[in-house]
Each structure stands twice: as C-alpha cells, then as structure tokens.
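Throughout, protein chains are lettered first and strands after them, A, B, ... in sequence-line order, and every chain is numbered starting at 1.
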There are 2 protein chains.
Amino acid sequence: MNIVQYDTPMAASDRRARHKQQVRREILVAAGELFAQEGYESVSVRRIAEKIEYSPAAIYLYFKDKADLLNQLCEDTFAQLIEHIEACTADAPDPLEGLIRGVRAYIDFGLSHPDQYIVTFVSPPQHQHGAPDIPFEGSVGQQCFRCLESAIGDCRDAGVAPGIDVKTTACTWWASIHGLTSLLIVHERFPWADRNQMIDSLMQTLVAGLLAAPRSAADGSQTVEESERQTSRG
Amino acid sequence: MNIVQYDTPMAASDRRARHKQQVRREILVAAGELFAQEGYESVSVRRIAEKIEYSPAAIYLYFKDKADLLNQLCEDTFAQLIEHIEACTADAPDPLEGLIRGVRAYIDFGLSHPDQYIVTFVSPPQHQHGAPDIPFEGSVGQQCFRCLESAIGDCRDAGVAPGIDVKTTACTWWASIHGLTSLLIVHERFPWADRNQMIDSLMQTLVAGLLAAPRSAADGSQTVEESERQTSRG
DNA sequence: TTGACTTTATGAACATCGTTCAGTACGATA
DNA sequence: TATCGTACTGAACGATGTTCATAAAGTCAA
C-alpha cells in the first residue's frame, strides 16, 4: 500500500473508502479459503477474524451475518460461473457443441466451488421462520438458467430437436446436471463410479434424449410409454 | 400399553427392554418431526428433549450424537423407500418396465415425503473433519442403491442395452432422478415447467440414453462427440 | 494546533449450542 | 429390608453467532 503523507481533503476520504473496500475483500478472501477448506458450518467467525488479525466484532462492520459473508462469496463466484460458461461456449462450432461445453463448464465449476454450490443450489432457501423471500427475478441464478434455456433453444432452432418444449427440456437438463454435481459434493464418501465416466455417461444420455425427442411438439407426454412398448414387447 | 402387575423376573426385564425401545422410538419420532419442520441445523437437542419431556442429557443415553439421531432417521427412510419401490415394481412385465416403475416410485416417494427426503438425501452428512467414516457397506442405503443397480443390470441382461457399464449407469440415473426430486422440493418457488411433463421428459431421456448406449462395452466415452457430429453436420 | 465530529475497531458480555458427568431416584433382585 | 444397576437429571464446560458500550484513530473547520 502507498503511504500518502499530504492529502487534499477529498483524496483522504477517497483513500479511506478504498481501504475499507480492501479490508472487506480481505475478509472475503479469508472466509472463502476457510469455507472451501473446512466447510461453512465448521468455520467460526472467530477463526476468520483471527486469520485476518481483527476482532470477531469487526467482521460485523462489513457484513450483516455469517450467512451474508457466504452470500457475497456466492455472488462473486456465480458471476465467475457465468463468465466461465460463456468463455467455454464462445467458440463452439455449433449449438449442440455449445450446449455440451456449457454443461460441462457448469459441472466443473460446481465441483471446484463446492461450498458456494451447496449454499446456492442445495441448501433450502428458508433459513429461519419469516425469512425474507430472496427474489429470483433478476438474480444471477435466473441469468444462469436463461443461459441454459437459450442454448437449448438454439439447438432446437438449428434442427437438432425440433419438437421439444424448451422450458421443460431446460428444467430436466438442469435437474440432471445439478443432481450429479450436488451428489458428488454432498455424498463425497459414496462409492461412485469413475467421475469422468459418469459425466460422460450423463452427457451422452442427455444428448440421446434430445435426439430421440418427438419430432412434433404435440405428443411429448406419451413418449415414455411408447419407447417402453417398443422395447419391451418388440 | 398394557399394565402388567405380576411379572416373572424374565418378563420384567423383557418389559424394561421393550420400554427402552419405546422411548428410543419416541425420541426418533420427535426429532424426525422437528428436523422435517425446521431443518436439522436449527433444531437443538434441548428442543427435542423438551418435546418428549425428558432432559437433554437423556437423549445421549439412547444416541451417541445429534448426528447419530439423523443417521438413524435416514435408515428408517431408506427402509420405507425400499418397501415402496419393491411394491411398485413387483409385477412389472419386463425389466425395463420394472426399472421405469421403480424410478417413478422413487420420485413419488421423494415428493410425497419431502422432509424425510431432504434429511436423507439433500442435507450434507453432519461430520466434522476427521470424524469416523459411517460405513456404507451393509447399510440400507447400499441396499437401496443395489436395487437400482440390479434393475439396470436386468435390463442389460435382457438385451435392452447390452454394452453399458451397470455401475456408471446406475450412478448417473440416480443423479438425474435425485436432481429432479430434490430441486422440486428445495426450490419450490422456482418457475418450473409442468411437473408431470418434466418427470415424463426425464424418463424419456433416461430410456433414450439406455437405448442409444453403445452396443459394445469398449467405446462408451466417445459417444457424445459421435452423436454431436452426426447431428450438427448432417 | 486545537477541539468537535465521524469512522473504525475492540473487549466483554449474552444467549444458545452440543456434550459430559457426578449424583439422584427408583425398580428389580436377593 | 438392603443392595445393586439402570434410567435419568441439574449443573457445568467450552464453543458458537451476535451485540453494544467504549475506546482509538482519522478527518476537517477554526
């Protein structure tokens, strides 16, 4: 940090604001590292304070809550998520490839930011009784879901799966992807199959589902029974 | 409860053992209700004790931990789930139909026992760092997963998808199914597509994935790229 | 430089948490 | 009736998230 000896009044208050932002960032970084290493629940505010050599009470000058700390971290990392997905899908040769790359980017991101992923997607939103509704409209989550919707829409428009309902497909895709990501994080000790093989298998299944989707939009709901009849009795 | 006035010595100790089991059950029921209503983290041992009108310390005569309490509840849930699935799949005409019915039974169970489902599958297992591993081998959870594995194995053996790796497929199926179930429960306010349509869409996708699986076991990992090439450039 | 005012940081405290343990009450046995 | 073992409890411990009065430091007009 620079040592400024003679300030104009305005420069002084500027520097104070800058310093405040800096301390705030310092807290976030420390908290982020500890949460990632040992999990949100088992990291105390006192330990975060100790790491940055402040008193525990100081943290409450910068953040409302311990939860607020994590939420701010989530905002940060999910801005990164969108950035990451867009970077991975930018130069895809076609819509389906873009969709696939985006999904892989999502899974990778979740697995490398497990704590933030759990808080945003896995934990039930109601913390206490009478907790304020956190709005979905305009959230980073919505932005993220729209990313998936538009990627699937592009595939449909490109003729990959002309008959699908984009919203339904986006929901089930998200469900599958989230299912794998969250289970791998939460049930870490489960005797999973090989991780990459599972991701590949899921991607293959999702794509196969797209390609096998009904060619006309009308009769989507009967398809399972049709497939089943074809297979089991033919 | 019967009032027994004259016991033989053996009958007396029997009754005491029975009473102990009864209290144990009482604790589990109370804990289950509270966990379901307000979540594991925000229910204290003291509140559970208060509900059954015992002292907090009494609970530790029956359970090692607060976490142990949760684990016992999960065992119960698994047992119910297995029973439900087996009832639904018992008279299936063929393996694929059995698999499909089992999966639907799983989702239905989750959606109609949302709180138990969350406690068992969604909430991260409560262990500190360096806590002893709770063994998966021999647990009811393993039994449950084997149920899915064997259903998928039966499909493979029946020629539905000869080339698949059963374990990998079981894992990804569970991930997808769990993803949908848990998201529908946890993010209740999310603007989902029609619920039944989503379930149908997921089932269709999973079955399509099975049918499109590689016919030989060797080259599973390349299938996504193959499918994609076929679609986007043809 | 002084003195008033604002911002930043802290130590002590509060309520609550999971958990333990010495000690009590009580039914079963002899 | 006396003894023994089990079931149970009250009080306490250390740790948690959070608050608040207070102190220190910084800012700025005079």
Nucleotides 11-18 of chain D: protein proximity per nucleotide (B base, S sugar-phosphate only, - neither; heavy atom, under 4.0 Å): -B---BBB
Looking across every strand, which nucleic acid part, if any, lies under 4.0 Å from A:Phe63 by heavy atom: base, sugar-phosphate, or nothing? nothing
So, does A:Tyr54 get its side chain near the phosphate of C:dT10, meaning an N or O under 4.0 Å from OP1 or OP2? no
Taking the side chain as C-beta and beyond, is there a heavy-atom pair between B:Leu206 and B:Ile177 under 4.5 Å? yes
Could B:Arg156 and B:Asp165 be called an ion pair, given the rule that one side-chain N must be under 4.0 Å from one carboxylate O? no
Interatomic distance, A:Leu61 CG vs D:dG26 P [rounded to whole Å]: 16 Å
Do B:Tyr40 and B:Leu69 make a side-chain contact, defined as non-hydrogen atoms from C-beta onward lying under 4.5 Å apart? no
Rounded to the Å, how far apart are B:Asp68 CG and C:dG18 P? 14 Å
Show me, pair by pair, the donor-acceptor contacts under 3.5 angstrom made by side chains of residues 46-54 of chain B, not counting sequence neighbours?
{"unit_1": "B:Arg47", "atom_1": "NH2", "unit_2": "B:Glu38", "atom_2": "OE1", "d": "2.6"}
{"unit_1": "B:Arg47", "atom_1": "NH2", "unit_2": "B:Glu38", "atom_2": "OE2", "d": "2.8"}
{"unit_1": "B:Lys51", "atom_1": "NZ", "unit_2": "B:Glu33", "atom_2": "OE1", "d": "2.7"}

Rounded to whole Å, please give me the gap between CZ in B:Arg18 and P in D:dA7. 15 Å
Without decimals, in angstroms, what is the distance between B:His19 NE2 and D:dA7 P? 10 Å
Roughly, in whole Å, what's the span from CZ in A:Arg16 to C1' in D:dC28? 11 Å
Taking only the side-chain nitrogens and oxygens of A:Tyr62, find out if one of them lies under 4.0 Å from OP1 or OP2 of C:dA9. yes
Can B:Asp76 and B:Gln80 be counted as having a side-chain donor-acceptor contact under 3.5 angstrom? no
Separation of C:dT10 P from A:Ile27 CD1 (nearest whole Å): 10 Å
Does A:Lys20 place a side-chain N or O at less than 4.0 Å from the phosphate oxygens OP1/OP2 of C:dT7? no
Counterpart residues, salt bridge (Lys or Arg N to Asp or Glu O under 4.0 Å), relative to A:Arg195 (two or more places apart): none
For B:Glu53 and D:dA7, give me the distance from atom CD to atom C1', rounded to whole Å. 17 Å
Parallel, tilted or perpendicular: ring planes of A:Trp192 versus B:Trp174, cut at 30 and 60 degrees: parallel
